[in-house]
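Letters A, B, ... mirror the listed sequences (proteins, then strands); counts begin at 1.
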There are 2 protein chains.
Amino acid sequence: MKAAVEEAQRKLNVYMRERGLKHTRQRDEILEAFFAAGGHVSIDDLLGQVQERMPGVGYATVYRTMKLFGEAGVAHERHFKDGQSRYEPVVDDEHHDHIICTVCGTIFEFEDPVIEQRQADIAAAHGLTVEHHRHEIYGSCQTPSTCVHRARAG
Amino acid sequence: MKAAVEEAQRKLNVYMRERGLKHTRQRDEILEAFFAAGGHVSIDDLLGQVQERMPGVGYATVYRTMKLFGEAGVAHERHFKDGQSRYEPVVDDEHHDHIICTVCGTIFEFEDPVIEQRQADIAAAHGLTVEHHRHEIYGSCQTPSTCVHRARAG
DNA sequence: ATTCCTGCAAACCTTTTGCAGAGGT
DNA sequence: ACCTCTGCAAAAGGTTTGCAGGAAT
């Protein structure tokens with residue numbers, strides 16, 4: 001499997017070239033740190049990573065860059081309860097959803113045409129067209145000790 | 001149908017009595033405004049409502065009160081992309097999901113038995129029982145200028 | 001009387017913005 | 001050369017906290 005970061009790089013380059021934006025070392029580093037981290041990174045996390053290789057970098061650059069990544073369709077901004085924005089990589093042409101075992105933390109992916117269709121219907125009923133969605137199911141197997149997934153959990 | 005606010009009042013009273021907290025006019029007003037608003041209220045919304053009846057009330061009180069409501073299990077704090085916390089009533093044994101207009105920010109609620117059922121099935125297929133889930137649909141009407149929801153957006 | 005609450009203002013934290021200089025095209 | 005990007009610092013939200021007086025028990 002090709003590294004997702006390469007796909008992102010291409011996408012980003014196209015986006016930037018289209019509007020005359022420039023390729024800089026900072027953007028490279030941030031992109032790399034972002035994908036290396038895997039997901040749900042905060043600005044602080046990223047800044048910390050990037051500063052190990054480029055000590056001068058400041059918050060503003062990271063903020064601006066993540067916003068750019070968002071516009072380029074490379075990163076997605078999420079908000080949890082801690083008041084900080086967190087970012088996760090956008091994985092293309094495959095909008096799978098997640099089902100997460102609350103016992104062992106295993107994350108499965110699923111995609112269900114029936115649900116997709118219902119979503120479109122519901123949106124239409126409100127006069128909207130679906131752009132994207134987020135769907136996470138949390139559940140558990142029986143008990144921690146009998147958790148079927150534990151073996152394969154990270 | 002009994003007003004949900006009464007249920008919440010009872011729940012809140014129990015919680016407060018248990019820990020010697022006090023019943024005040026402010027808390028009453030905020031609770032009422034909170035339930036009157038229906039859902040997805042921001043602190044500003046609440047403060048505005050409450051100040052119509054109690055001009056002196058400040059932000060701090062509303063923040064502290066909503067935090068209290070959260071702890072008492074009467075309100076649930078949510079974070080969307082606009083950087084503000086929004087609150088919605090906790091309605092027992094009934095959960096809804098959200099559909100959000102990316103043009104005007106209007107938030108609708110929906111609940112769909114078909115989707116609920118599929119979720120349970122999908123979870124079962126992975127050996128899990130659903131505990132809770134999070135489902136947000138983002139979509140738009142045509143263009144900002146023709147946005148149907150704009151009229152009712154805050 | 002005691003203890004909790006309120007309102008104000010200041011503090012705090014995250015994010016955004018203005019600007020002058022550095023860097024990419 | 002031109003225009004964008006960066007880093008700094010200041011500004012701008014949103015939320016929290018310290019404190020002195022006020023209210024509930």
Side-chain angles (χ1 to χ4, degrees), chain A residues 9 12-31 33-34 40-72 75-87, chain B residues 9 12-31 33-34 40-72 75-87 105 154:
Chain A
Q9 255 154 2
L12 186 57
N13 284 338
V14 170
Y15 181 88
M16 293 202 298
R17 206 169 303 127
E18 273 174 357
R19 30 208 103 194
L21 306 182
K22 290 166 184 175
H23 178 222
T24 67
R25 167 105 188 275
Q26 285 87 336
R27 287 171 177 176
D28 265 2
E29 295 286 1
I30 294 171
L31 186 70
F34 174 48
H40 302 122
V41 234
S42 67
I43 294 288
D44 275 300
D45 296 338
L46 285 171
L47 185 64
Q49 287 303 309
V50 172
Q51 282 184 334
E52 286 184 11
R53 295 155 143 261
M54 281 189 82
V57 176
Y59 279 98
T61 300
V62 181
Y63 275 109
R64 286 188 278 227
T65 303
M66 291 315 295
K67 191 177 172 190
L68 167 68
F69 288 1
E71 290 160 357
H76 189 255
E77 188 177 337
R78 296 204 44 171
H79 295 84
F80 299 96
K81 293 198 183 176
D82 64 357
Q84 296 194 152
S85 298
R86 288 176 182 277
Y87 300 84
Chain B
Q9 256 155 1
L12 186 57
N13 285 338
V14 170
Y15 181 89
M16 294 203 299
R17 207 170 300 127
E18 271 173 357
R19 29 208 104 195
L21 305 183
K22 289 167 183 173
H23 178 224
T24 67
R25 167 106 187 274
Q26 285 87 335
R27 287 172 176 176
D28 264 2
E29 295 286 0
I30 294 170
L31 186 70
F34 175 48
H40 305 122
V41 233
S42 67
I43 294 288
D44 275 300
D45 296 337
L46 285 171
L47 185 64
Q49 288 303 310
V50 171
Q51 282 184 335
E52 286 184 11
R53 295 156 143 261
M54 280 189 82
V57 175
Y59 279 99
T61 299
V62 181
Y63 274 109
R64 286 188 279 228
T65 302
M66 291 316 293
K67 192 177 172 191
L68 167 68
F69 288 0
E71 290 160 358
H76 190 256
E77 190 177 337
R78 299 210 41 150
H79 294 83
F80 299 96
K81 293 197 181 177
D82 65 354
Q84 295 193 151
S85 298
R86 289 177 180 275
Y87 300 84

Map A/His23 and B/Gly83 onto DNA chain D by nearest heavy atom, then report which one ends up closer to the 5' terminus.
A/His23
Check the side chains of B/Asn13 and B/His23 for a donor-acceptor pair under 3.5 angstrom, ignoring hydrogens and angles.
no
Side-chain N or O of B/Gln26 closer than 4.0 Å to phosphate OP1/OP2 of D/dA23:
no
For chain A, the stretch of DNA chain C it reaches, first to last nucleotide, under 4.0 Å of its heavy atoms
C/dT14 to C/dT25
Phosphate contact (D/dT6 OP1 or OP2) by A/Arg27 side-chain N/O below 4.0 Å:
yes
Please state how far atom OH in B/Tyr63 lies from atom P in D/dT15, giving the value in whole angstrom units.
3 Å
Distance test, side-chain N/O of A/Thr61 to OP1/OP2 of D/dG7, below 4.0 Å:
yes
Determine the minimum heavy-atom distance between A/Gln26 and A/Met54, stating which atoms define it.
CD-CE, 3.7 Å
Between A/Lys22 and A/Ser85, who's closer to the 5' end of DNA chain C by nearest nucleotide?
A/Ser85
Roughly how far, to the nearest 0.5 Å, is NE2 of A/His76 from NE2 of A/His40?
10.5 Å
Under a 4.0 Å heavy-atom cutoff, the residues of residues 42-54 of chain B touching DNA chain D are none
Would you tabulate the nitrogen or oxygen pairs shorter than 3.5 Å linking the protein to nucleotides 19-22 of chain D?
none

Among all residues two or more places apart in sequence or in another chain, which pass the salt bridge (Lys or Arg N to Asp or Glu O under 4.0 Å) test with A/Arg64?
none
In Å, rounded to the nearest 0.5 Å, how long is the span from CD1 of B/Ile30 to CZ of B/Arg53?
12.5 Å
Can you give the donor-acceptor pairs under 3.5 Å from side chains of residues 43-50 of chain B to other protein atoms, not counting sequence neighbours?
residue	atom	partner	partner atom	Å
B/Asp44	OD1	B/Tyr59	OH	2.6
B/Asp45	OD1	B/Ser42	OG	3.3
B/Asp45	OD2	B/Ser42	N	3.0
B/Asp45	OD2	B/Ser42	OG	3.1

Does a side-chain heavy-atom distance below 4.5 Å link A/Thr65 with A/Phe34?
no
I'd like to check A/Ser85 versus A/Arg78 (side-chain heavy atoms, cut-off strictly below 4.5 Å). Are they in contact?
no
Provide, to the nearest angstrom, the distance between the CG atom belonging to B/Asn13 and the C1' atom belonging to D/dT25.
14 Å
Whole angstrom is fine here: how far is it from CD in A/Glu71 over to P in D/dT4?
14 Å
Counting distance only, does the side-chain N/O of A/Arg27 pair as donor-acceptor with the main-chain N or O of A/Lys22 below 3.5 Å?
yes
For B/Asp82 and D/dG14, what is the distance between atoms CG and P respectively, to the nearest whole Å?
8 Å
May I have the distance from B/Phe80 (atom CZ) to D/dG13 (atom P), rounded to whole angstrom?
22 Å
State the CG-CG distance between A/Leu12 and A/Asp28, to the nearest 0.5 angstrom.
9.0 Å
If each end axis of the helix from C/dA1-D/dT25 to C/dT25-D/dA1 is fitted on five C1' pair positions, the angle between them, to 10 degrees, is 30°
Below 4.5 Å, heavy atoms only, C-beta onward: do A/Arg19 and A/Tyr15 meet side chain to side chain?
yes
Which distance, rounded to the nearest 0.5 Å, do you find between the CD of B/Gln84 and the NE2 of A/His79?
11.5 Å
Separation of B/Gln84 atom CD from D/dA12 atom C1', in whole Å?
13 Å
Can you confirm whether more than 12 heavy atoms, excluding those of B/Lys81, are under 6.0 Å from its NZ atom?
yes
Nearest-nucleotide wise, let me know which of A/Tyr59 and B/Gly56 is further upstream toward the 5' end of DNA chain C.
B/Gly56
Let me know the distance between CD1 of A/Ile30 and P of D/dC5, rounded to the nearest Å.
12 Å
